[in-house]
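Below, chains carry the letters A, B, ... as their sequence lines are ordered, and counting in each starts from 1. Worth knowing before you read on, the calculation uses all heavy atoms, side chains too, and leaves out hydrogens, waters and symmetry mates.
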There are 4 protein chains.
Amino acid sequence: MRHKDDSKREAITNAAIELITTAGFADTSMSKIAKAANVSPATIYVYFENKEDLLNQLYLMVKREFSEAMLAGFHDSLSVEAGFKLIWENSCRYMLAQPTRFAFSEQFANSPLVNRVSREEGSGYYQPVFSVFERGKREGIFKDISLDLSIAFFYAPLMLLVKQHYSGDIVFDRELQQIVFEITWDALTI
Amino acid sequence: MRHKDDSKREAITNAAIELITTAGFADTSMSKIAKAANVSPATIYVYFENKEDLLNQLYLMVKREFSEAMLAGFHDSLSVEAGFKLIWENSCRYMLAQPTRFAFSEQFANSPLVNRVSREEGSGYYQPVFSVFERGKREGIFKDISLDLSIAFFYAPLMLLVKQHYSGDIVFDRELQQIVFEITWDALTI
Amino acid sequence: MRHKDDSKREAITNAAIELITTAGFADTSMSKIAKAANVSPATIYVYFENKEDLLNQLYLMVKREFSEAMLAGFHDSLSVEAGFKLIWENSCRYMLAQPTRFAFSEQFANSPLVNRVSREEGSGYYQPVFSVFERGKREGIFKDISLDLSIAFFYAPLMLLVKQHYSGDIVFDRELQQIVFEITWDALTI
Amino acid sequence: MRHKDDSKREAITNAAIELITTAGFADTSMSKIAKAANVSPATIYVYFENKEDLLNQLYLMVKREFSEAMLAGFHDSLSVEAGFKLIWENSCRYMLAQPTRFAFSEQFANSPLVNRVSREEGSGYYQPVFSVFERGKREGIFKDISLDLSIAFFYAPLMLLVKQHYSGDIVFDRELQQIVFEITWDALTI
DNA sequence: CATGAATGAGCCTTCATTCAT
DNA sequence: AATGAATGAAGGCTCATTCAT
């Protein structure tokens, strides 16, 4: 009996993310993925149940990668300020370093193709971020607003700017990043 | 000779927006649109070149509607504060009143299916908003940051919260709106 | 607008019956049918909902053709003997003249692929045969047995022999037909 | 070296007959058979050349089982009447007791998937039945008709009625069996 | 202008079979 | 002998678009 070949699985996921990001999910056929991964179309079905399952697994993979990058170097002994800045900069750096992953993630942020289960599992990765905000509120540093609001002002402008960076509308360099971080801090702190 | 029938055109666009918003662009076939609009598939091609052209025209239509709603009651004699608040509230009200339009707009905000031309024409509608920000900077009310940054903090959190409102994660009522407006003001003013 | 083309529908049904009879339903692909009918695969779906619907419509068509042939020249004023013989001979003649239709009919006599509705509509065509048996019983000519039994002895041996004729095991000529008819008569009459 | 494992072979054949009878040959994949038999798909190919070979071996197996049941208790010293009745009742009893085997047998009675060789080998099992008919003719009990005709009137109505019994159209109980036997006897005897 | 018929291309998926262990 | 991985071929069906009226 042959063993399952991890390199095949990886070739498939890489090809899939690349193609889906470029052309969209609907215009990325299983055949095209197979061809790009140097594999038979049928082989994809050895590793994934169907096209939707493939997408959901990719989504979780990308989300996990992102959350890991975002939390690199983070631990609870950090001060709120330090932790907040670390997470913001990790996020920013990763988004700028991984155009494909970022674009993929954006594309399915609100897609009905990603099922509830995957989405919930995906959002579970952000737990540590939530705690920083809670601590910041308790310590009287942050405004006393709901978590959802905090997240909205923390991530939404950043992500929009990264998108504009990729579309060539702006150059999101270190200097600009610093400014954005300061506005964000301004917005959320008392 | 009969002229092109505006009621037919409208039936098609309405059906298309509704279906595309609900099921996604790829899963909305021209036949389904035709059926929903009580029209033959071939008739769609009398009014639109092809599926992509249809999408681009829908996109522009929705963008224009939104910009009109957003600028209702606005004129240059308003103070920066008044104009800023008017535009923010108009935007917020419209997004909450027009779920379908809003969802449609979001769906294609970053889609490669909407071509550069349409996107640029669409963003042209926002000129008056830009001037308010410029005036605010000149008058020393707003921070001296680029337009893109201003827009990012003005719209991105708002839109994210509206999305969460529609997905049922939060209730974006008047009280919350007031808070969000204040944070936004905080973020952008000196 | 083009009109639906009856010659296309007919080409499809003929090709389908021919192929299905020869190779079986499962081994007859829609593409093969299309090719044999000189038509695009998609065209079949203009006339039939799907492969199963095609089969059911073919089944009904063949059943109706058979029942019409079987009842040719029949009317109620005929005596039981005359009517019985007419129907038997019509049946026999048609089965031997239409190998393809006969084989097709046999193939789906007990197939779950033909749905209940089609089957019931199909068996409705045999009403006049049933009345002859009823009359025969009332007039004291036939044994007092249920309709199902009568039908079983009337048709089953005949059909088996026709099959053997086609498979080359026997030659079902006029002489043999006469003998079979007599045995059948013997079996059913008092 | 291990020997081929008879219990595996049996598991495969049982699973295959069950599945094929229920779902049809075309809709029974080798994988499904393998799964039902708790075996790898590749293992089936240790025992059978390919799917068609599997079918032919199943066909022969079922035919042999049926002929054995049909001839249980039969020996040449029985009178024609006794032998005839024994075979008829054995056949009837077996068909009613073994729905799956009966259905399987019927399904491939006229299928092009069973090859000529298997079919001929299968029909060889009926030799003793043939001799009874021959003796009956020689002894002046049966009509002087060909073997094929005798078989046709002996089996065809019976099998049709069993099918109707299974489909729920009739209840083929002892009483009805007795009647059918009598009609059969009537039909075949002088 | 308006339309239903017609279509070739392509999609997702399954399958019988072979491979490599 | 036994097996799970791997695969090329094929299947049913849908679609955006064009045709012919």
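- Among residues at least two apart or in separate chains, ring pair (Phe, Tyr, Trp, His ring centres under 6.0 Å) pairs with a member in residues 106-125 of chain D are Phe104(D)-Phe108(D).
- Every pair passing side chain to side chain donor-acceptor pair (under 3.5 Å) that includes a residue from residues 42-55 of chain A is listed here, sequence neighbours excluded: Asp53(A)-Gln57(A).
- For Ile12(A) and dA5(F), the CD1 to P distance is 13 Å, given to the nearest whole Å.
- Here the shortest heavy-atom pairing between Ser105(C) and Lys63(C) reads OG-NZ, 3.7 Å.
- Scanning both residues, Ala15(B) and Ala36(B), for their nearest heavy atoms gives CB-CB, 3.8 Å.
- No side-chain heavy atom of Glu121(A) sits less than 4.5 Å from a side-chain heavy atom of Arg64(A).
- Only Ala42(C), Tyr45(C), Asn50(C), Lys51(C), listed by number, bring a heavy atom of residues 39-56 of chain C to less than 4.0 angstrom from any atom of DNA chain F.
- The nearest whole Å value for the distance from the CD1 atom in Ile20(C) to the P atom in dG12(F) is 10 Å.
- In DNA chain F, runs of at least 3 stacked Watson-Crick or G-U pairs (N1-N3 plus N6-O4 or O6-N4, or N1-O2 plus O6-N3, all under 3.5 Å) give these stems: E:2-21 with F:2-21.
- When rounded to the nearest whole Å, the span between NZ of Lys8(A) and P of dG4(F) equals 18 Å.
- Looking at heavy atoms from C-beta onward, Asp6(D) lies out of side-chain contact with Glu10(D) at the 4.5 angstrom threshold.
- Across residues 26-37 of chain A, Thr28(A), Ser29(A), Met30(A), Lys32(A) each have a non-hydrogen atom less than 4.0 Å from an atom of DNA chain E (numbered order).
- Side-chain contact between Thr13(C) and Phe48(C) is present, with at least one heavy-atom pair separated by less than 4.5 Å.
- Atoms CD1 and OG1, from Ile20(D) and Thr100(D) in turn, are 12.0 Å apart once rounded to the nearest 0.5 Å.
- In this structure the side chain of Lys8(C) never reaches within 4.5 angstrom of the side chain of Val46(C), judged on heavy atoms.
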In a table with atom names and distances, give each donor-acceptor pair under 3.5 Å that connects a side chain of residues 21-28 of chain C to protein atoms at least two apart or in another chain.
from: Thr21(C); atom 1: OG1; to: Ile17(C); atom 2: O; distance (Å): 2.6
from: Thr22(C); atom 1: OG1; to: Glu18(C); atom 2: O; distance (Å): 2.8
from: Thr28(C); atom 1: OG1; to: Leu19(C); atom 2: O; distance (Å): 3.3
from: Thr28(C); atom 1: OG1; to: Gly24(C); atom 2: O; distance (Å): 2.7

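- Counting all heavy atoms, side chain and backbone alike, Ala37(B) lies closest to Ala11(B) at CB-O, 3.6 Å.
- Taking atom CZ on Arg9(C) and atom C1' on dA6(E), their separation rounds to 16 Å, with Å as the unit.
- Atom CG of Asn38(B) and atom P of dA2(E) are 14 Å apart (whole Å).
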